[in-house]
**Student:** 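So that we are looking at the same thing, I have put the structure below in structure tokens.
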Amino acid sequence: MTERVPSYIAGRVRESAAAEAHPIPDPATGQPIAELPYSTTQEIDEAVAAARAAFPGWADTPVPDRAQVLFRFKALLEDAFEELAALVTQENGKTLDEARGEVRRGIEVVDFACGAPTLLMGSAIDQIANGIDERLIRFPVGVVAGITPFNFPNMVPLWMIPTALACGNTFVLKPSQQTPLSAVRLAELLGRAGLPEGVFNVVHGAEEAVTRLLEHPQVDAVSFVGSARVARIVYTTGAANGKRVQALGGAKNHLLVMDDADLEATVPALVASAFGNAGQRCLAGSVAVGVGRIGDVLVEELASQASALKVGPGAEPGTDMGPVIRAERKQAIARQVGGAADVGATLVADGRDAGDSDGFFLGPSILDHVTPDMEVWRTELFGPVLSVVRARDVDEAIATANRSSYGNMASIFTTSGKNAREFRRRIQAGMLGVNIGVAAPMAFLPFTGWKDSFLGDLHATGTDSIRFYTKQKVVTQRWF
Ligand code: NAD
């Protein structure tokens with residue numbers, strides 16, 4: 001019997017009343033590790049009601065006391081570090097090292113949120129007019145719904161939960177239906193950390209559950225991370241229902257390689273960016289732009305280093321790249337690679353056949369001479385595929401990257417400060433790297449996608465998140 005994944009409502013682990021359950025396979029074997037009943041509408045409403053009921057008490061809890069719960073949560077996460085990483089590998093497929101990295105990045109958000117008493121301070125000005133003072137103070141927004149993707153089942157929920165709770169909000173998390181296990185484990189640890197019941201809840205499901213949360217009159221704010229298509233649905237539906245929304249979407253990140261780049265250091269950074277997490281990362285470099293004379297040698301080096309990557313189960317020592325999340329994704333990615341070759345791209349590394357296995361493995365693929373009119377350039381494949389585009393100079397490289405409808409991350413590899421400066425000023429993306437393959441801001445700064453990669457005003461993490469999870473009052477005061 002495989003485990004039926006429970007939800008977590010009002011401080012208790014709950015079996016769903018839903019009769020049907022969806023199998024959750026281990027991506028490395030294809031074998032079921034659990035089955036997931038989608039929460040019924042009644043269960044979702046109960047979770048929201050529990051969060052609503054817990055809100056006044058939690059919002060009134062002194063900020064340092066809320067922070068103490070997060071300090072205990074942090075200690076529990078550290079104690080459970082290896083177990084949490086193993087769980088990520090099991091449900092997502094990524095390597096153990098990648099899973100450890102994800103859990104560490106998630107814990108850093110807890111570290112940030114533990115500073116709530118300082119972060120939540122407002123501001124004041126004496127004598128703004130004769131006999132009048134003004135001050136700005138922050139209050140929690142209310143009930144927050146978090147909707148998260150499959151690719152970081154531990155870290156992305158942790159982008160939201162610690163800060164939302166530190167600010168005095170209560171929370172209903174709807175994790176990816178493909179990777180629901182880590183979320184339930186986080187709920188249990190929050191309970192053990194002493195979080196009052198109802199402050200944090202987990203429900204399960206897909207489109208229907210999200211729609212219920214977006215339309216629920218008792219949900220005040222929605223934090224979403226997922227594909228650009230769903231980000232747009234969540235943003236428009238949430239806003240139409242009067243909610244505060246931040247919606248982080250997909251990406252097509254360009255890595256510009258100038259002909260003055262230090263190739264020895266650059267190529268491993270590109271390979272790690274494109275093929276780490278099997279390319280299932282919103283900060284994956286999916287297009288390399290070879291500028292000037294460097295193109296041919298760059299492609300040769302990329303193909304040689306990519307072919308040396310060891311593809312296998314994430315839990316196996318020595319594995320460089322795990323499987324993708326589902327068999328259908330594997331087939332769709334392989335089709336895109338074949339389609340690009342059919343319309344003129346040169347397949348210099350073909351990862352479509354990764355051997356006999358019931359797991360969802362693909363090897364690394366590299367397509368050279370990709371052009372912006374090809375679907376493979378426009379579309380986020382979310383798999384281990386690197387497209388290479390050629391450009392004459394830095395101007396053409398920046399112009400090519402800027403044609404993308406996405407604007408999550410872009411990086412330049414160069415030894416020239418002038419090239420780096422031009423890039424920094426003119427590229428249309430929010431997270432930039434200079435000689436960095438995965439330019440991920442740490443928890444203390446905002447995760448700043450642009451264009452179709454982000455809809456909303458205030459980004460996830462950092463001081464933006466404090467503003468997203470609080471409402472302000474400005475008090476103008478005079479004493480007669
Ligand atoms: P997804 O958009 O399919 O799913 C994300 C969430 O939305 C899930 O919880 C899912 O149940 C829900 N959902 C799916 N279809 C829905 C619909 N029609 N209406 C309402 N809700 C729906 O994304 P995914 O495949 O789980 O994750 C991969 C995507 O997430 C990639 O596009 C990746 O770039 C993106 N991502 C972005 C960031 C970022 O910071 N910008 C971070 C991680 C992942």
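Ligands are counted one by one from 1 in listed order, and the atoms in each one are counted from 1 as well. It should be emphasised that the depicted structure is a prediction, and the values quoted were computed from it without experimental measurement.
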**Student:** With heavy atoms only and a cut-off of under 4.0 Å, state how Tyr38 meets ligand 1: side chain, backbone, both or neither.
**Tutor:**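 Answer for Tyr38: neither.
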**Student:** Has ligand 1 got any nitrogen or oxygen that is less than 3.5 angstrom from a nitrogen or oxygen of Ala228?
**Tutor:**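 No, since none of the N or O atoms of Ala228 sits under 3.5 Å from an N or O of ligand 1.
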**Student:** Considering only the protein, which heavy-atom contact is closest to atom 41 (N) of ligand 1, and what is its distance?
**Tutor:**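 Scanning the protein heavy atoms, the shortest distance from atom 41 (N) of ligand 1 goes to Gly249 O, 2.7 Å.
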**Student:** In chain order, what residues pass the side-chain hydrogen bond (donor to acceptor under 3.5 Å, both in side chains) check against Asp368, with sequence neighbours excluded?
**Tutor:**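 Scan of Asp368 (side-chain hydrogen bond (donor to acceptor under 3.5 Å, both in side chains), adjacent residues dropped) gives Arg390.
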**Student:** Mind listing the side-chain donor-acceptor pairs of residues 202-211 below 3.5 Å, one per line with the distance, residues two or more places apart or on another chain?
**Tutor:**
unit_1, atom_1, unit_2, atom_2, d
His204, NE2, Pro6, O, 2.9
Thr211, OG1, Glu207, O, 2.8

**Student:** Between Lys174 and ligand 1, is there a nitrogen or oxygen pair with a distance under 3.5 Å?
**Tutor:**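 Right, the criterion is met.
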**Student:** Are any of the N/O atoms in Phe150 less than 3.5 Å from those in ligand 1?
**Tutor:**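 Yes: some nitrogen or oxygen of Phe150 is under 3.5 Å from one in ligand 1.
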**Student:** Any N/O of Ser227 closer than 3.5 Å to an N/O of ligand 1?
**Tutor:**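 The answer is yes, given that Ser227 and ligand 1 share an N or O pair closer than 3.5 Å.
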**Student:** Suppose we measure from atom 39 (C) of ligand 1 to each protein heavy atom; which comes out shortest, and what is that distance?
**Tutor:**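 Scanning the protein heavy atoms, the shortest distance from atom 39 (C) of ligand 1 goes to Cys282 SG, 3.2 Å.
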**Student:** Measure from the ring center of Phe382 to the ring center of Phe150 and say whether it is less than 6.0 Å.
**Tutor:**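 Yes, ring centres under 6.0 Å apart.
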**Student:** N/O to N/O below 3.5 Å, does that happen between Asn151 and ligand 1?
**Tutor:**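 It does not: no N or O of Asn151 is found under 3.5 Å from an N or O of ligand 1.
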**Student:** Please list the nearest protein heavy atom to atom 7 (O) of ligand 1 with its residue and the distance rounded to 0.1 Å.
**Tutor:**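 Going by distance alone, atom 7 (O) of ligand 1 is nearest to Phe224 CE1, 3.3 Å.
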**Student:** Between ligand 1 and Gln178, is the shortest N or O to N or O distance under 3.5 Å?
**Tutor:**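 By distance alone, the answer is no.
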